[in-house]
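This report refers to the structure that appears directly beneath it.
Reminder, nothing fancy here: chain letters follow the sequence lines and each chain counts from 1.
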2 protein chains.
Amino acid sequence: MYQYEYPHPAVTVDSVVFGLDNEELKILLIRRKLEPFKGAWALPGGFVQMDESLDDAAKRELMEETGVEKLYLEQLATFGKPDRDPRERVITVAYVAIVNLFDHTVKADSDAEEAGWFPVEDPPELAFDHIKILAAALNRLQGKIRYQPLVFEFLPEKFTLSQVQKLYETVLCRPLDKRNFRKKIQGTGMVIPLDEYEMDVSHRAARFYYFDRKAWEEKSGEGFHFSI
Amino acid sequence: MYQYEYPHPAVTVDSVVFGLDNEELKILLIRRKLEPFKGAWALPGGFVQMDESLDDAAKRELMEETGVEKLYLEQLATFGKPDRDPRERVITVAYVAIVNLFDHTVKADSDAEEAGWFPVEDPPELAFDHIKILAAALNRLQGKIRYQPLVFEFLPEKFTLSQVQKLYETVLCRPLDKRNFRKKIQGTGMVIPLDEYEMDVSHRAARFYYFDRKAWEEKSGEGFHFSI
DNA sequence: TATTGTAAGTGTCGTATATACACTACTCCT
DNA sequence: AGGAGTAGTGTATATACGACACTTACAATA
């Protein structure tokens, strides 16, 4: 038992994990095994250990639940209404994560836990206030994707420009003009053409490109905006 | 005494309170009366009560420490490195606040606590990791002021365009062209001229304007960007 | 081997937006 | 009357953005 002079809330981390699955934007959800909300779908997460930072806690929980090590992770916001958990006062630090479903396989159904990918547009009923967290995460993603190169976190190392465009269209929920899009994305100077082309497609093969992370890290230092 | 089956961190809220004092951007700091960091300057804040939301906690602490009710308040980020407080594990939810030092007087030196306004550029040594929180807050302010009308939170109801421009220049740390600035700010349609002019100035009297909050709230709903 | 289906790839022009830049107007003070 | 000090105003150029339609390449099928 742990004793304190004043009451302390519990602190959890919960992550909204985005991934691109079949050209659809999806989120990873876990089915709860315990009360409260037993059987309901919920964001992956858990309690912060006393010796780990918040980022580390988020990483650990995701590692445990998805098996993925390399993912994009960023703190979103902290949710702390007094009654958001019926058991005790629980404050949750929410994260946005992006996993690359091309390069890594996610153990969606792990040992003990049932997990699954759900379309962002119509998720199932979620436990706690997780639907609010999802809304905030989607909002952040849509805002940030326009001036930071987050799209490449979703895509394989080598991708076609059509893939990039479709992803932007999916996230932003609006169509983009092909020529203008290609002008912009190539105008950044960070999306570099390879001498490789698609194979085994029943139409003209698309060229592969890669994202020059080094150039971005240098230029993002001062002033440079990605901006699509 | 309060008992828990698992260890719980303490949770505080700390606010970076910005204000415009003599055309300088300043932050409000409190001198600590207790260990640790006794005597050092720190961000105003305190423990979250079990029956209040995080926003309410931030508001309450600021009300207690500054006496100001009407202020702009927005959650910034949560800081939770395990060793950021030497006593016990303390996770702090940081807020950015803006107080209007024209319309409200802040009880900078209150009963028990010594408080003061310090230039953002060279603050004193701060307790805990508060210098990091300050850096993050300044970053947020500089970013957000360019596409949201935060400036008017600093200024009196009726202001001159020169005041607005000087404030932008102060926050962004760069000079702006007067004519282009005035074109843009008037182009928003939300900064409305009054038929009042400065009095008792030893030069041409400047016209007063006000910010049309209603128009902003309507237009900010969809798509409109303030953008300076 | 000719045809068809499908997605890839490419350029221009008009419009809107951003930037650079310098003088006159007003008020008070000496 | 003139000087000090800040308010206020317009134009021209460069850049960015959005609209828009056809040709190319590949493979499957007739």
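Of all nucleotides in DNA chain C having an atom under 4.0 Å from a heavy atom of chain A, the first and last in 5' to 3' order are C:dG5 to C:dT12.
When each of A:Ala205 and A:Asn180 is assigned the nucleotide of DNA chain D bearing its nearest heavy atom, the one mapping closer to the 5' terminus is A:Asn180.
You'll find the ring centres of A:Phe159 and A:Phe152 inside the 6.0 Å limit.
Between B:Ile185 atom CD1 and D:dT9 atom P there is a gap of 14 Å when expressed in whole angstrom units. The CZ-C1' distance, from A:Arg146 to D:dC17, rounds to 14 Å in whole Å. Separating the CZ atom of A:Arg179 from the P atom of D:dA21 is a distance of 8 Å, rounded to the nearest angstrom. Atom-to-atom, CD of B:Gln165 to P of D:dG8 comes out at 11 Å; the value is rounded to the nearest Å. Nucleotide D:dT9 holds its C1' atom 13 Å from the CZ atom of B:Arg207, rounded to whole Å. Taking atom CD of residue B:Gln186 and atom P of nucleotide D:dA7, one finds them 14 Å apart after rounding to whole Å. Rounded to whole angstrom, the span from the CG atom of A:Asp177 across to the P atom of D:dA16 amounts to 18 Å.
Across A:Cys173 and A:Glu121, no two heavy atoms sit closer than the pair SG-OE2, 4.1 Å.
Note that CG of B:Asp14 is 5.5 Å distant from CD1 of B:Ile133, once rounded to the nearest 0.5 Å. For the atom pair NZ (B:Lys59) and CG (B:Leu73), the distance works out to 6.5 Å, reported to the nearest 0.5 Å.
The base of D:dG18 sits within donor-acceptor range of the side chain of A:Lys183, with an N or O pair under 3.5 Å.
The one candidate from A:Val16, A:Leu20, A:Leu141, A:Leu71 that meets the side chain to side chain contact (heavy atoms under 4.5 Å, CB included) condition with A:Ile98 is A:Leu141.
Counted by atom type alone, A:Tyr72 and A:Asn100 present zero donor-acceptor pairs between their side chains at under 3.5 Å.
Side-chain contact check for B:Leu138 versus B:Leu25: some heavy-atom pair is nearer than 4.5 Å. Annotation: side chain of A:Phe208 is in contact with side chain of A:Glu198 (closest heavy-atom distance under 4.5 Å). Here the side chains of B:Val99 and B:Leu101 are in contact, with some heavy-atom distance below 4.5 Å.
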Reading nucleotides 1-6 of chain D from 5' to 3' and marking B where a protein heavy atom lies under 4.0 Å of the base, S where only the sugar-phosphate is that close, and - otherwise, the string is ----BB

